[in-house]
Amino acid sequence: MTTDTTRLLDDLQQRNLIAQKSGDDEGFREYFSEPGRVVYCGFDPTADSLHVGHLVPLLMLKRFQLAGHKPLALIGGATGMIGDPSFKATERSLNSAGLVAEWVTKLGQQINGILDADTPDSAARIVNNADWMGGMDVLTFLRDVGKYFSVNSMIGKESVKQRINRPEQGISFTEFSYSLLQSYDFAELNRRYDCALQIGGNDQWGNITAGIDLTRRMNRQQVFGMTLPLITKSDGTKFGKTESGTVWLDPTKTSPYSFYQFWLNSADTDVYDYLKYYTFLSVEEIGCIKAEDEQRSAKPEAQRILAEQLTLLIHGEEGLVQAQRISQAMFSGDPRLLTPEELQQLSLDGAPTLALDSDVDLQDTLVAAGLAGSRRIARELIGAGAVLLNGVVAESADIRLDKAQALHGRYILIRKGKKHFCLVELNRR
RNA sequence: GGUGGGGUUCCCGAGUGGCCAAAGGGAUCAGACUGUAAAUCUGACGCGCAAGCUUCGGUGGUUCGAAUCCACCUCCCACCA
């Protein structure tokens, strides 16, 4: 077991997954040389689903689990009521208690699906900090927790500096107190579960170190902290977004197909790093993939592997098959070969869909589908041969869509350019 | 409060009476090339099938004609205090 953890830490370093780590490497390694250590990461319910930005810490918990430790996922039913101000430019609006509670439940289910709760010696545990914070009264909190914090050092934290320095934005006492809550969580988890490591995104460093200090003072225990790097894209745009917005883990918010496509579209310059961050493939294997991709001068395999690994992990075998089947039909297959069931599945799987009456103008349809900004643009696109109906180039701008050309009398798959689609379903009249 | 500068089509930014739907760049979209890449090249980029119509902070005015001139309003910025 000792070797497992040593390997883990070396592996994490090779994957560039450690941004900052508290304390000395020796002590850290020694402590984690014993199996069954408890590692925690908090997830605040700020939406009804986790998104790809949450994956790195979540998978980190799993990495520790695979190395024989116990992952502890904390869902911030309490902290989610407050809002973390770290590196946020503006004060955030509060969510209602009911909404937060609902989100807590949903996040719990998602996390549960990813972390293994049945592994004998390293079962995952999911806790909610509302359980110990919800009932705490103000005086107790201020006396027992607040007393350990120095406002002087709190206002010096980099994470709130911009808020402190910008009077027009400011920071409410509520948000300013957030760090105390998170710190108390660490101390509490240390007391309850002997938790000794908190991990989080690099923006959490301030909160984590505050928790380490509090735990030492309250529990007289030395605990550890580690932050994970902020994932970036080589083109400078924000990771985790597509033109249609955040990439969620919830299949009803981001379909397995879109999720698969998100990873598949990773840039060559990023994809090998992502394989290290997001998959459990060994660094050696990833190195081989890279070497092979460089040998072959054709399309690299890395993106496909990345997309497969992640879709399988989050959406399971079925989700992956769906995603691949749709991708195949859309990009390289002939949509005319799809069965009515598969076409129907397309819309369920997240392809944009439009229900129209039969015998409609193609230009108007392109506009309605959001594939063209105006009829004039639609005509230009058609003229350039950029519009495909069921995989066949639309020859004329004056085409009308009717049942005769619809697949199975109902479906017309419109494609604009290389990767914009809309499935039109003609109503029977 | 005083003075000076400014608000132009998604963004930046030219344009100071007709030749302006408005230079140039960026972003975006498409085509070619490709790997559903990158880079590059080409084209499009207010609306309209078209005649034409609606845009240049707002309102009114001068003029045959205004993004361009005038008045007022509004917002932003700089300096003064």
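Quick note on labels: first sequence line is chain A, next is B, and so on, each numbered from 1.
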Open item on the list: If you compare every side-chain N and O of A:Lys418 against the phosphate oxygens of B:A30 (OP1, OP2), does one of them come in below 4.0 Å?
Closed with: no

- [ ] Taking the six-membered ring of A:Tyr277 (Phe, Tyr or Trp), confirm whether the NZ or CZ of A:Arg15 is under 6.0 Å from its centre and within 45° of its axis.
- [x] no

Task: Nearest-angstrom distance from the residue atom CG of A:Leu371 to C1' of B:C45 - done: 17 Å

Open item on the list: Please report the distance, rounded to the nearest Å, between CH2 in A:Trp263 and C1' in B:G35.
Closed with: 20 Å

- [ ] Could you measure between the two C1' atoms, the one in B:A22 and the one in B:U68, and give it in whole Å?
- [x] 11 Å

Task: Integer angstrom distance from the C1' of B:G5 to that of B:G57 - done: 16 Å

Open item on the list: Between C1' on B:G35 and CG on A:Leu264, what's the gap in Å once rounded to a whole number?
Closed with: 10 Å

TODO: Determine: side-chain N/O of A:His420 to OP1/OP2 of B:A30, distance under 4.0 Å, yes or no.
DONE: yes

Open item on the list: When the P atoms of B:A71 and B:C80 are compared, how many Å lie between them, rounded to an integer?
Closed with: 28 Å

- [ ] State whether a side-chain donor-acceptor pair under 3.5 Å links A:Gln204 with A:Ser86.
- [x] no

TODO: Report the base-pairing partner of B:U54 (Watson-Crick or G-U wobble, both distances below 3.5 angstrom), or none.
DONE: none

Task: Inter-residue atom distance A:Gln303.CD - A:Tyr272.OH, 0.5 Å rounding - done: 6.5 Å

- [ ] Dump the intermediate steps for side-chain hydrogen bond (donor to acceptor under 3.5 Å, both in side chains) on A:Thr79 and A:Asp44, then the final yes or no.
- [x] CA-CA 7 Å; A:Thr79 37; A:Asp44 271 359; 2.8 Å; yes

Open item on the list: Taking only side-chain N and O atoms of A:Arg376, does any of them lie within less than 4.0 angstrom of OP1 or OP2 on B:C45?
Closed with: yes

Open item on the list: Rounded to whole Å, please give me the gap between CG in A:Leu306 and P in B:A37.
Closed with: 17 Å

Open item on the list: For B:U9, give the paired nucleotide (Watson-Crick: N1-N3 plus N6-O4 or O6-N4; G-U: N1-O2 and O6-N3; both under 3.5 Å), or none.
Closed with: none

- [ ] Round to a whole Å and report the spacing from CZ of A:Phe262 to P of B:A37.
- [x] 17 Å

- [ ] Determine the Euclidean distance between corresponding C1' atoms of B:C45 and B:G24; express it in Å to zero decimal places.
- [x] 15 Å

Open item on the list: When you compare the side chain of A:Gln405 with that of A:Asp402, does any pair of heavy atoms fall below 4.5 Å?
Closed with: yes

Task: Assigned partner base of B:G35, Watson-Crick or wobble definition, under 3.5 Å - done: none

Open item on the list: Quick one, A:Leu338 and A:His408 - any side-chain contact, counting heavy atoms below 4.5 Å?
Closed with: no

Task: Rounded interatomic separation in angstrom, taking CZ from A:Arg415 and C1' from B:A30 - done: 13 Å

Task: Pairwise C1' distance for B:A67 and B:U55, with rounding to whole Å - done: 10 Å

Open item on the list: Using OP1 and OP2 only, check whether a side-chain N or O of A:Arg375 sits under 4.0 Å from B:C47.
Closed with: no

Task: Paired nucleotide for B:A78 [Watson-Crick or G-U wobble; both distances under 3.5 Å] - done: B:U3

TODO: Can you tell me, in whole Å, how much space there is between the C1' of B:C69 and that of B:G1?
DONE: 30 Å

Task: Residue-phosphate contact under 4.0 Å: A:Arg379 side-chain N/O, B:C49 OP1/OP2 - done: yes

Open item on the list: In whole Å, I'd like the distance from the CD1 atom of A:Ile382 to the P atom of B:G31.
Closed with: 13 Å

Open item on the list: Using atom C1' in both nucleotides, what's the gap between B:C76 and B:U8 to the nearest angstrom?
Closed with: 15 Å

TODO: Consider the side chain of A:Lys416, meaning its heavy atoms from C-beta on, and name the nucleotide among B:C45, B:U36, B:C29 that approaches it most closely.
DONE: B:C29

Open item on the list: Without decimals, in angstroms, what is the distance between A:Leu381 CG and B:U28 P?
Closed with: 16 Å

TODO: May I ask you to test the A:Ile18-A:Lys21 pair for a side-chain heavy-atom distance under 4.5 Å?
DONE: yes

Open item on the list: Partner lookup for B:G43, please. Criteria are Watson-Crick or G-U wobble with both distances under 3.5 angstrom; report none if nothing qualifies.
Closed with: B:C29

- [ ] Report the residue (A:Pro300 or A:Ser374) whose heavy-atom-nearest nucleotide on RNA chain B is the more 5′ of the two.
- [x] A:Pro300

- [ ] Can you tell me, in whole Å, how much space there is between the C1' of B:G25 and that of B:C49?
- [x] 33 Å

TODO: State which of B:C29, B:G35, B:C45 makes the closest approach to the side chain of A:Ile377.
DONE: B:C45

Task: Residue met sooner reading RNA chain B from 5', once A:Lys419 and A:Val387 are mapped to nucleotides - done: A:Val387

